Structures are given as structure tokens and as C-alpha cells.
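If you're wondering where the values come from, they're calculated on a predicted model, not measured in any experiment.
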Protein chains: 2
Amino acid sequence: MKSVSVEPVGIKDVAQAAGVSPATVSRAFGRGPISPELRAKVEAAARAIGYRPNLSARRLRSQDTRTIGLMVADIRNPFFTAVSRAVEDIAYAQGMRVILCNTDEDPDREAFYMQAMQEERVTGLIFAPTRITLEAMEQGFALDLPTVLVDRASPRCGHDAVMIDNRRAAALLVDHLASQGFTRIAGLFGAASTTGVERQAGYAAALKARGLPDLSRLVSPSAAAAEAALPELWREARPDAVITSNSLLALGLLKALRVQALRVPDDIALATFDDEPWTSLVDPGLTALAQPVDQIGQEAMRLLADRIRNPRAETRIVLLPGRLVERASSRRTSN
Amino acid sequence: MKSVSVEPVGIKDVAQAAGVSPATVSRAFGRGPISPELRAKVEAAARAIGYRPNLSARRLRSQDTRTIGLMVADIRNPFFTAVSRAVEDIAYAQGMRVILCNTDEDPDREAFYMQAMQEERVTGLIFAPTRITLEAMEQGFALDLPTVLVDRASPRCGHDAVMIDNRRAAALLVDHLASQGFTRIAGLFGAASTTGVERQAGYAAALKARGLPDLSRLVSPSAAAAEAALPELWREARPDAVITSNSLLALGLLKALRVQALRVPDDIALATFDDEPWTSLVDPGLTALAQPVDQIGQEAMRLLADRIRNPRAETRIVLLPGRLVERASSRRTSN
DNA sequence: AAGCGATGTGAAAACGATTTCACATGCCGT
DNA sequence: ACGGCATGTGAAATCGTTTTCACATCGCTT
């Protein structure tokens with residue numbers, strides 16, 4: 001049904017078949033001044049002999065890889081999954097390729113992948129750095145390629161960034177819970193990223209403004225860590241509500257609550273960052289702070305394009321709003 | 001903190017700095033016969049002037065991209081997310097890069113990406129094709145690069161493949177439900193992939209063996225489709241149990257059940273393919289057929305490596321076992 | 001002591017495209 | 001009718017490596 005051309009067919013073969021020079025073939029495919037007739041002839045010849053441009057060669061010569069690196073903690077985290085998908089859609093639509101890296105919140109792996117991205121000569125990088133690496137950036141460590149940070153950043157890190165306003169979002173959750181009448185609002189925040197720390201800060205500030213106690217813990221950002229942290233939290237802090245800084249922590253927390261036979265929201269109310277499909281399906285539905293994941297990916301690509309176009313423009317940090325989705329897990333019950 | 005070398009430093013610069021020939025530098029980095037002393041000298045020089053190999057050049061010359069293409073329907077489907085992660089882990093461990101493509105179950109996009117993968121000259125391809133494309137493969141359409149199919153395949157498609165034994169797995173779910181006493185077991189299967197069709201076939205066979213009616217529907221593989229399909233299914237078929245062929249369908253179905261105020265498992269029992277973190281958190285817990293996602297990714301990489309090593313070996317299809325995770329959603333209640 | 005294979009090295013070709021440069025052509029205004 | 005300018009084309013250089021090839025050196029065997 002389809003004959004396979006084993007011998008490599010290059011631009012020269014097309015040139016010969018079309019009766020033009022290799023340069024003309026190149027121009028027919030790329031952007032070069034070329035007459036419509038020749039372009040048609042070249043395209044016909046290329047189709048006839050089954051020519052496919054060799055991207056390695058193109059990239060080497062043009063010094064433009066049209067590839068962007070995407071470094072996230074773990075693609076299995078639904079937040080990053082969604083952002084990645086948005087980024088890829090735009091990238092492919094622009095004829096760009098995406099190389100995905102999972103850092104597992106490990107600075108060593110980050111360093112390794114940053115190296116790899118340099119060797120790839122990626123056109124740009126979209127990166128969700130760990131706290132460690134972000135701090136290094138604040139100290140002056142700069143990536144020498146167009147970079148946009150997502151989900152995590154700080155004003156003096158020297159790079160563009162997109163994320164939600166974490167402090168505000170955390171305050172939103174606290175205010176919501178407080179307005180429901182909860183007074184002992186605990187928090188489980190991820191320790192590996194500034195995101196967790198920022199959210200904790202926003203949480204703390206909002207509590208303080210209301211004269212409520214800070215009952216937060218920084219934990220490793222995994223379901224297992226949240227699950228393990230609950231018993232101690234419950235015993236020591238006796239919260240009537242808990243905020244988790246991402247959906248993995250919410251997952252672990254729910255499991256632990258089940259084990260302890262604590263009822264939501266009667267014994268303990270819940271609210272979490274990240275709205276996943278399943279948050280509306282658990283009983284009670286989970287109150288969540290939804291992040292505009294698609295928009296984050298899109299905005300990151302836009303910032304990156306700007307940065308590539310103008311490498312020495314002033315850096316920008318785009319703060320997108322989170323949206324509070326109220327569900328039963330944070331509803332005050334009469335008791 | 002870190003000085004940025006703007007001028008490109010190449011192998012020649014290293015050669016000069018180390019007092020050797022470019023060829024020697026190349027050998028020091030790649031695998032070539034080289035004396036330990038020179039290698040050390042080269043490495044020192046490279047580090048000193050901050051040399052980073054240019055992968056485009058390397059790939060062009062060596063005709064080996066050390067890159068594999070990964071084409072799946074949608075990375076946001078947790079099954080593919082998990083498989084992708086497993087694939088990438090192995091790939092990077094072997095010094096390979098992965099290019100990810102989302103086909104959205106669209107044959108046109110598949111064709112487009114296959115083109116792109118050819119232009120990348122990928123070393124190999126891991127691919128979850130739509131039913132349409134798989135049928136084309138059965139008709140003789142063959143990819144002329146080492147390819148391993150995942151999740152979807154057929155014996156005569158001409159490629160290696162890894163997946164669970166879908167017929168057996170479906171039968172497992174049916175048998176489980178039947179043994180609980182359910183007799184009107186409906187099914188919602190994805191229409192875009194052979195996986196859905198295969199599972200439907202296994203389901204139908206298992207039902208037939210027990211003399212039970214086939215109450216299945218093929219639907220578009222999305223939560224929305226499942227949600228939309230339920231009312232008609234309930235009205236027409238009056239099932240006492242439903243099987244869904246993936247977690248997205250389960251999600252949609254659960255939502256629809258909630259809307260209709262149907263109780264699980266009292267009014268209708270549930271069992272689904274794919275075990276996600278949240279399946280144990282909904283109430284009642286969802287009985288699921290867990291796929292060995294990590295193992296699937298690993299096995300795919302192994303098959304691919306073999307295929308690359310030996311392009312004309314006989315094709316193999318690896319069937320991995322699924323594991324039934326029983327939870328309350330399929331428990332027979334007294335009524 | 002001559003011959004031989006194994007080993008390490010450098011010079012130069014090659015990978016497949018893009019880009020520079022030179023040049024031919026046609027069109028315009030004067 | 002001529003100079004100038006825009007436009008389209010081809011020859012050749014180039015991108016940064018790896019790989020071939022030739023060759024020098026060394027240690028062995030005979």
C-alpha cells in the first residue's frame with residue numbers, strides 16, 4: 001500500500017528532479033524569494049520522490065531549533081499535565097516542538113536537564129523550578145536562554161513568569177472558611193516549591209488579620225506525606241478545617257481522614273488548591289481553588305515568544321486570578 | 001554568580017585549548033579509542049571554557065537522533081500520563097530524548113505527527129493509534145521506522161505492541177459483577193480505539209457464556225459522552241450494573257448518576273477500567289481493573305530497543321495482565 | 001631483527017540543509 | 001537609451017560534529 005524509500009532522499013535529489021539548484025529547493029520550503037512556478041515545480045518533485053526535510057540539518061545550519069524545553073516537577077501532577085497540554089498545543093500550532101522533562105522536585109535533576117536543554121540549543125524554556133533553584137536565581141544565577149517560569153517565581157529571579165496570585169488565593173480560601181465560622185484552620189503546604197511557601201504566607205497573613213491561629217505544616221508534596229502528617233496535625237492542633245496546597249495533598253489527606261474515621265465537614269472541613277474532575281465526585285464535594293491551567297500555559301507561551309523576540313526587555317510577572325469553587329466540604333454544619 | 005558565554009564554543013575551541021585535534025575531542029566525549037591522559041586533558045579544557053556539545057550537529061553527522069516519538073491520544077488521560085512518565089524515565093536514563101504528541105484520537109493529526117516524526121528522524125516510535133489508523137496498518141500501511149504500539153494493536157498490523165489482555169480483563173469485570181448476582185450488566189466503551197471495541201467484545205463474550213444480555217454502547221471516549229449516554233441507557237436497558245472502559249467514562253457516568261439520583265451500588269453497580277487515585281475516595285469506592293501502567297511503559301521501551309537492534313525480527317505482542325481491585329461500587333446489596 | 005596486529009592520533013571528508021554572495025534579468029524613471 | 005533598483009537564481013561556503021582514512025608508535029611473535 002505504501003512503498004518505503006529506504007535510501008535517504010535529500011534536497012539535492014529534489015533539485016535534480018526539479019531541474020533547479022539545491023538553494024532553490026531550500027527556498028521553496030523555507031522562506032526565500034522564489035517564483036511561484038519554480039515553487040510549484042519543486043513541490044511536485046519533492047512529493048514525487050518522497051522528500052522529507054531533515055530537521056537536524058536544518059537546525060544545525062539555521063541555528064534555530066524551533067524547540068522549547070518544558071521542565072516540570074512531575075507530569076503526573078494534574079496541574080502540570082494540563083499546563084503541558086496547553087503549551088504543546090500552542091507550540092505545535094506554531095511549528096515548534098516541545099521537549100518534556102520531569103524534575104521530581106530534585107535540584108540535581110534540574111541541573112542535569114538544564115544542561116541537556118543547552119545541548120539541545122532549545123529556542124526557549126518553560127520551567128517550574130524548585131525552591132532551591134529559584135533561590136539560586138535570586139542570588140544571580142541566570143539561565144542564558146529565553147526562559148519563562150511557571151507556577152513558581154519571585155520578583156528578583158530575573159525571569160518572566162506566569163502563575164496565580166498565590167497569597168491572594170490562599171487568603172481567599174482562608175476567608176471562605178472563616179466566613180463559614182471555622183476558627184481553627186490548619187494548612188498542609190508543599191515544601192519543595194515556593195508555591196507552597198507563598199500559599200502558606202498568604203494563609204498566615206489572612207489568619208493573622210482575623211486573629212486566628214496559624215496551624216500550618218510544610219510537608220513533602222505527595223499524597224503519602226499528607227496522609228502521614230494528618231494524625232499528628234489532628235492530635236496537636238485540633239483543627240476544624242484544613243487547607244491543602246495541591247490536589248495530591250488533598251488526596252492523601254482524604255485517605256487519612258477516612259482511616260481516622262473523621263467526617264467531612266462535620267469533624268473537619270476541607271478546601272484545597274487545584275480543582276480536578278474528581279473533586280466534585282467525592283462525598284462531600286471538595287471546595288477547591290481552581291487554577292486557570294490552560295490560560296497559564298497559553299500566557300507562558302506568549303511571554304516566551306516575546307522574550308525570544310526581545311531578549312533584553314524588562315522581565316514581567318503575570319499573575320492570573322484563581323477561582324474559588326465552593327462545595328460541601330467547607331460547609332458549616334450545625335454543631 | 002555564573003558568567004554567561006555568549007560566543008558559541010565548539011569542539012575546535014576545546015581542541016585548541018587542550019592542544020589536541022578536534023577528532024580527539026570528539027572521541028573523548030563519544031566512544032572512541034582514546035588514552036586516559038588525553039581524555040582527562042580534554043575534559044578539563046572543556047570544563048574550563050564551558051563547552052556544550054551541539055546535539056543538532058551530532059545528530060546530523062551520526063545519523064542517530066537518540067530521540068523517540070511518543071504519540072498518544074491525550075496526555076491528560078491518566079493512563080497515558082502514567083505510561084508517558086514511565087517511558088520518559090527509561091528514555092532519559094538511556095540518554096534518549098522523548099518527543100510527545102497528542103493526537104486527540106484524530107487520524108489527520110496522527111498523519112501530521114507521523115510526518116513530523118519522520119522529519120525528526122526519530123530513532124523509534126511509541127504509538128497508541130486510533131482504530132482508523134490501526135485498520136490502515138492491517139491493510140498493509142506500515143511505518144518505516146521502528147515502532148511499538150501501546151494500548152491498541154492487532155495481530156496483523158505489522159508492529160510490536162504492549163497492552164493488557166483486554167478481552168480477558170473485560171471478562172474479569174463481567175464475571176466479578178455476575179458473581180455478585182448482577183444480571184443486567186451494561187457497558188460503556190470508547191469508540192475511537194480498538195481498545196474500547198476489544199473490551200466490548202470480551203464483555204459480550206463473557207455475558208453470552210452466562211446467557212446474560214448484551215447491554216453495551218459505544219460512545220466517544222470522554223466524560224461528557226458518558227454523562228450524556230446514561231439517561232438513554234438507564235431508560236432503555238434498565239441495567240443493574242455498568243462497566244466503563246476507562247476512567248474518563250467512569251467520571252462522566254458518576255456525574256450522570258448523581259444527577260439522576262441513582263444510588264451506587266443499590267440502584268446500579270459500577271466497575272471500570274483504570275484505577276486512579278480518586279477511585280478509592282469516592283463513595284462508594286469504585287471497583288476497577290488496574291492496568292500495570294509503569295510496566296507497560298517499560299515493556300514498550302524494551303520492545304522498541306529490541307526492534308531498533310533488529311529491525312527484521314518477528315513482531316511480538318506482549319499482553320500484560322490487568323488486576324481487579326474490588327471495592328464497594330460492585331458489592332451486591334440485599335434488595 | 002624484521003614483521004605484524006593493536007592502539008591512539010590527526011587531517012580531511014561528510015552529514016543535509018541554509019545562507020551568503022555574485023550575477024543575470026526585467027522594469028522603472030529620466 | 002542608460003543607470004539604478006528590485007527580484008530570482010545558482011555556486012559555494014558554512015553550521016559543529018562524527019567518521020573515515022592514513023599513519024605513527026608500541027609490544028609481540030617468529
Taking the side chain of A:P33 as its heavy atoms from C-beta onward, which of D:dT17, D:dG8, C:dG16 lies nearest to it?
D:dG8

Rounded at 0.5 Å granularity, tell me how far OG1 in A:T81 sits from CD1 in A:I75.
4.5 Å

Check the distance between [N]'s [atom2] and [X]'s [atom1] and give it to me in whole angstrom.
{"X": "B:I11", "N": "C:dA11", "atom1": "CD1", "atom2": "C1'", "result": "14 Å"}
{"X": "B:D13", "N": "D:dC15", "atom1": "CG", "atom2": "P", "result": "12 Å"}
{"X": "B:R59", "N": "D:dT18", "atom1": "CZ", "atom2": "C1'", "result": "14 Å"}
{"X": "B:L38", "N": "C:dT9", "atom1": "CG", "atom2": "C1'", "result": "8 Å"}
{"X": "B:R58", "N": "C:dA17", "atom1": "CZ", "atom2": "C1'", "result": "19 Å"}

Are any side-chain N or O atoms of B:R27 and backbone N or O atoms of B:G32, one a donor and one an acceptor, separated by less than 3.5 Å?
no

Under the ring pair (Phe, Tyr, Trp, His ring centres under 6.0 Å) test, which residues partner A:F80, sequence neighbours left out?
none

Charged N to carboxylate O below 4.0 Å: is that the case for [X] and [Y]?
{"X": "B:R131", "Y": "B:E110", "value": "no"}
{"X": "A:R302", "Y": "A:E299", "value": "yes"}
{"X": "B:R59", "Y": "B:E120", "value": "no"}
{"X": "B:R58", "Y": "B:D64", "value": "no"}

Would you classify [X] as touching base, sugar-phosphate or nothing, given that sugar-phosphate means primed atoms plus P, OP1 and OP2, and contacts are heavy atoms under 4.0 Å?
{"X": "A:R39", "answer": "nothing"}
{"X": "A:L55", "answer": "nothing"}
{"X": "B:I34", "answer": "sugar-phosphate"}

Can a side chain N or O of B:Y51 be found less than 4.0 Å away from OP1 or OP2 on D:dG16?
no

For a quick check, tell me whether the side chain of B:R61 and the base of D:dT17 share a donor-acceptor pair closer than 3.5 Å.
no

Residues in contact with DNA chain C, drawn from residues 15-32 of chain B - heavy-atom cutoff 4.0 Å
B:V20, B:S21, B:A23, B:T24, B:R27

In terms of the nearest nucleotide of DNA chain C, which residue is placed more toward the 5' end: B:S35 or B:Q63?
B:S35

